[in-house]
Amino acid sequence: MTFKHNFKKVLSATAFAAALVVAPAANVSAATNDASSTQQSATATSQDQQASQDQAASQSSAANQSSSTSTSSATSTSTVKKVAKKTKKTSKKKAVKKVAKKTTKKKATKKAKKTSKKSTKKTTKKTTKAATAAVTASADQSQATDQQDDAAKKAAEAAAKKAAAAKKAAAKKKAAAKKKAAAKKAAAKKKAAARKKAAAKKKAAQKSAEKTAKYWIAMRESGGYYTARNGSCYGRYQLLISYLGGDLSKKNQERTADRYVYGRYGSWVNAKRFWLAHNWY
C-alpha cells in the first residue's frame, strides 16, 4: 500500500516535470491535463501488475519489491516519454496551425489590400476617364457653341449685307425711276415747249401770211391808200361806205376790213385765194 502511494507520487512528479520541460509556457495547462490522464492510465496498469506481484509474493518479498520498483520506473519513464512526445507533437501542430492561420490572415490581408488597391486604382481610372470624358464633352460642347455663334454671326452679317444690298438696289431703282420721271417730265416739257414754239411759229407764220395777204389785197384794191374811192366803195380795202358806219378813219378801216374778211372767208389768206379766183373778195 505504501509502494502504490509512492509510485503515484513519483509518476505525477515525473510527468509534471516532463510537461514543464517540453511544453511551451502557453501550453502548461494542456500538458498538466495530459499528464493527469496518463497518470490514471498508469495507475490502472500498476494495479494489474500489483495483482501479479501479489501472486508471486510467496516466493520473495524483497525480490518482488525490487522487481516491482524496477518495472514501475521503466513504465513511468516510457509513459513520460510518450506524453512528452505527444505534447511536443500537439504543440507543434498548434504552432503550425497558428503560423498557418497567421499566414492565411496575412495573405487575406495582403489580398484585401491588393484588391482594395486594385479597386481604388480601377475607381480612380474610371473617375479619371469619366472626368476626361466630361472635359472632352465640355470642350466639344464649347466648340459646338462657338461654331453656332460663328455661324449665327456669319448669318447675321450675310443678312445685314443682303439687306444693305437690297436697300442700295431699292435706292438705285428709286433714283433711276426718279431720274426717268424727271427725264420724262423734261421731255414732256421740252415737247410742250416745242409744240408751243411750233404753234407760235405757225401763228407767227400765219400772222405773217395774214399780213402779207392783207397787204396784197390792199395793194390790189386801192394801191394802199386810205382815201381811195370807187363809187360806193371807199378806203384802203374798198369797203362799202355803209360798212364803215360814217367813220372813215384808218383805224376804223382796218378794224372793219378784218371783221369783214374773218366773217366771210375766215382769214386774209382765204380771201386772197378767193380774190385770185374771182378778182374780187
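Source: prediction; values computed, not measured.
Met219 and Tyr281 fall into different hydrophobic clusters, where Ile, Leu, Val, Met, Phe, Trp and Tyr side chains are chained together by heavy-atom contacts under 4.5 Å. With hydrophobic clusters built from ILVMFWY side chains whose heavy atoms lie under 4.5 angstrom apart, Tyr260 shares a cluster with Trp216.
Side chains of Arg236 and Tyr215 form a contact here, defined as non-hydrogen atoms less than 4.5 Å apart. Within the 4.5 Å cutoff, side-chain heavy atoms of Ser232 are placed close to those of Leu240. In this structure the side chain of Tyr234 never reaches within 4.5 angstrom of the side chain of Leu239, judged on heavy atoms. Using a 4.5 Å cut-off on side-chain heavy atoms (C-beta onward), Val269 and Gln206 make no contact. In this structure the side chain of Lys207 never reaches within 4.5 angstrom of the side chain of Lys211, judged on heavy atoms.
The closest side-chain donor-acceptor pair between Trp280 and Glu221, if any, does not fall under 3.5 angstrom. Looking at Asn270 and Ser267, their side chains do bring a donor and an acceptor atom within 3.5 Å of each other. Between the side chains of Tyr262 and Glu210, at least one donor N or O sits under 3.5 Å from an acceptor N or O.
Under the 30°/60° scheme for interplanar angles, the aromatic rings of Tyr237 and Trp268 are found to be tilted.
Atoms CG and CD1, on Leu276 and Ile217 in that order, are 8.5 Å from each other to the nearest 0.5 Å. Atom OG1 of Thr227 sits about 11.0 Å away from atom CZ of Arg229, to the nearest 0.5 Å.
Side chain of Asn230 to backbone of Gln238: no donor-acceptor contact under 3.5 angstrom is found. The closest donor-acceptor contact from the side chain of Asp247 to the backbone of Asn252 lies at 3.5 Å or more, if one exists at all.
Here the shortest heavy-atom pairing between Gly235 and Ser222 reads O-CB, 3.4 Å.
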